[in-house]
Structures are given as C-alpha cells and as structure tokens.
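Okay, structure first, notes after.
As the structure lists them, so they are numbered: ligands from 1, and atoms in each ligand from 1.
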Amino acid sequence: MNDIQWYPGHMTKAKRQMQEDLKLVDLIIELADARIPAASRNPDIRQLGQGKARLIVLNKADMADEAVNRAWLNAFQKEGYTVLLADSRKRSDLNKINALIQEACRERIERNKRRGFKNKPIRAMVAGIPNVGKSTFINTVAGRASAKTGNQPGVTKGKQWIHLKNGLDLLDTPGILWPKFEDPHVGELLAMTGSIRQDILNRDELAVRLIRLMQDEYPGVLADYYKIEETDDPAEFLQRIAEVRNCVAKGNELSVDKAIQILLEEFRNGKVGRISLEKPGDAAL
Ligand code: G4P
C-alpha cells in the first residue's frame, strides 16, 4: 500500500513527466482497477493521450466479480477500446498482450509499413493511478524484477526500454496518474479498494458506506462471510463483527474501531470475495 499524498505540486509534476514521456511512445497501456474501472481512471487521460493508441487493462480482475468484468469488457469494447482483463501477477493472463498491442496499434503499424519503416518498433508506456499494479504488470511482461520504481512523481531516471517480442519496446518507468479526488464518491471507492489511504477519509463513515453498498449490491455476502445475522443498522452490523471476531479494547469492552479496521482490510485484500463496486452505466467511461 503506498502512502502517496497528492498535492497540486505533485500533480503538476506528474503531469509534466507524463507529457514528456508521452512524446516517446506510440501506445499508452492504461491500467484501471477492474473493481472500480471508472473511478480508478484519470480524468485527463483523454486529453493527455490524444493521438496515441490506447490499450486498457482492467487489472486485479481476480478480485472483481466475473459477470461484472464481462460487462465492463463489452462496454469498453463498444466504445472502441482494446481491452484486457487481467491478474497482472500471472504471466498466463498477459499472454495475449502482444496480440492486443498489435491490434491497438494497427493504424500506426500500417502507416509505418506504407512509409517503408517495416521493422520500426512500437513504443509503449504503462500508466495508471498509484497502487493499480503498474510495476507488477511491467515485471510480469518483462519477465524479470526490473520495474521497481518509487511512486514519487517527478523522480527522474535515465529512460530505459524493455525490449519485447514482435518489435515492442516498453518504457520501464510507468506514468503515474492522479485520481479524481474532487468527487467524494470516487474518493470513497478508491479508499475501499486501497488506492488511496483510508485515513484520508473518516474510517467510520467509510465502513458504513461499504456495508450499505454491499447490502445493496451483494445482499447477504458480508453477513455470510462474517457469519453474523444481517441487520439494516450498520452500527449494529459492526457491533456483531466485533463480537464474532473478539474485538476488545481496554477494560474488555467491545471495540467497534477494531471491527472497522478488520472489515476495511479484509475487503481491500479481496478476502470477502470477488466484488465489483462499479458497474457499466454507473459512470461515464
Ligand atoms: P503500482 O506500481 O501501480 O503502484 O502498483 P504495484 O504494482 O506496486 O501493485 C500494488 C499492489 O497490488 C501489490 O500488492 C501487487 O501485488 C498488487 N497487484 C498488482 N496487480 C494485481 C492483480 O492483478 N491482482 C491482485 N490481486 N493484486 C495485484 P502488495 O505489494 O501486496 O501491496 P499492498 O497489498 O500492500 O497494496
């Protein structure tokens, strides 16, 4: 979990860095979190990425609802995007990446051919918000542990390229995009999934919102997981988690705080099950 805090200065730096790096590439491989594909994307990518081919990777698909994953795949494809659902930690999930890059860059490849640059490599960069899995993706694609980078925007290093099969060159430093914090609901979704620090928001409120969201979209799932009886009252729900998990504080009193911590952490780590917090139609792509 990274601890990056975004301030206007960081965002300006990250944007400048991204604009510099973009000059070097033909293709942006944009990573989004499959559990929140709209909230985990950056609002400026459309403008930043103008004129570049784009491939969208819905990452952490292993933690998201399979039926909703398929719906997102269709929705993005309908918008004309090339898309991949992936668990970036698994090499086998990224087997199709070469073919998809070729597909996303078809126009560029054909233009290169027409101009006589038959073997010109396609250059690509990975971009996405912190913690979405950029380094994991690069490491898996590259097949070695080479992409460990700090998450601090503006850290400059010599540009390194990872040479892949079929004339593909991947920039080994990912572009760091900032999330859209202005929308409080987006902030909540990012905190629930662990893209931003939970303590940025009020944790009690976040837990209550999560319980409500789960009860609306996945009725019974949280109660089953915690082996407690369902209740409409989120405070009572947390109390019950505290009881079954023996959350006690000083003086042997039940600690709802500890229950909140457990709930948020277990949800973030996917222990509760495969859950998607956004569906196509909830938000614009
Ligand atoms: P970043 O470069 O975009 O900041 O993300 P990074 O690759 O560091 O990945 C962040 C965390 O997400 C890592 O967990 C990583 O293992 C996990 N991750 C990346 N891709 C996937 C995926 O497709 N599926 C799942 N389930 N996890 C993925 P970590 O090091 O344990 O960090 P954390 O859990 O403390 O956040």
Output side-chain donor-acceptor pairs under 3.5 Å for residues 221-229, partner residues at least two apart or in another chain, one line each.
unit_1 : atom_1 : unit_2 : atom_2 : d
Y225   : OH     : E266   : OE1    : 3.1
Y226   : OH     : E266   : OE1    : 2.9

If you look only at distance, which donor and acceptor atoms sit under 3.5 Å apart when one is on a side chain in residues 102-115 and the other is two or more places apart or in another chain?
none

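Atoms of ligand 1 found under 4.0 Å from any heavy atom of N131 (numbered from 1 in listed order, with element): 1 (P), 3 (O), 4 (O), 5 (O), 10 (C), 11 (C), 36 (O). Taking every non-hydrogen atom of V132 and a distance limit under 4.0 Å, the qualifying atoms of ligand 1 come out as 3 (O), 5 (O). Annotation for ligand 1: atoms under 4.0 Å from non-hydrogen atoms of D87 are 22 (C), 23 (O), 24 (N). Per-residue contacts place M63 under 4.0 angstrom from the following atoms of ligand 1 (heavy atoms of the residue considered): 26 (N).
Ion pair K279/E217 flagged as a salt bridge, since at least one NZ, NE, NH1 or NH2 atom sits closer than 4.0 Å to an Asp/Glu carboxylate oxygen. D26 and K52 are not joined by a salt bridge, as no carboxylate oxygen comes within less than 4.0 angstrom of a charged side-chain nitrogen. The pair K23-E20 meets the salt-bridge criterion, with a side-chain N (NZ, NE, NH1 or NH2) lying under 4.0 Å from an Asp/Glu carboxylate O.
For a threshold of 3.5 Å applied to N or O pairs, the pair formed by R89 and ligand 1 contains at least one separation below that value.
Side-chain contact annotation: S88 with N59, donor-acceptor N/O pair under 3.5 Å present.
In this structure, G128 has no heavy atom closer than 4.0 Å to ligand 1.
With a 4.0 Å cut-off on non-hydrogen atoms, A86 touches ligand 1 through its backbone and not its side chain. When non-hydrogen atoms are compared, ligand 1 lies under 4.0 Å from the side chain of D62 (C-beta onward) but not from its backbone.
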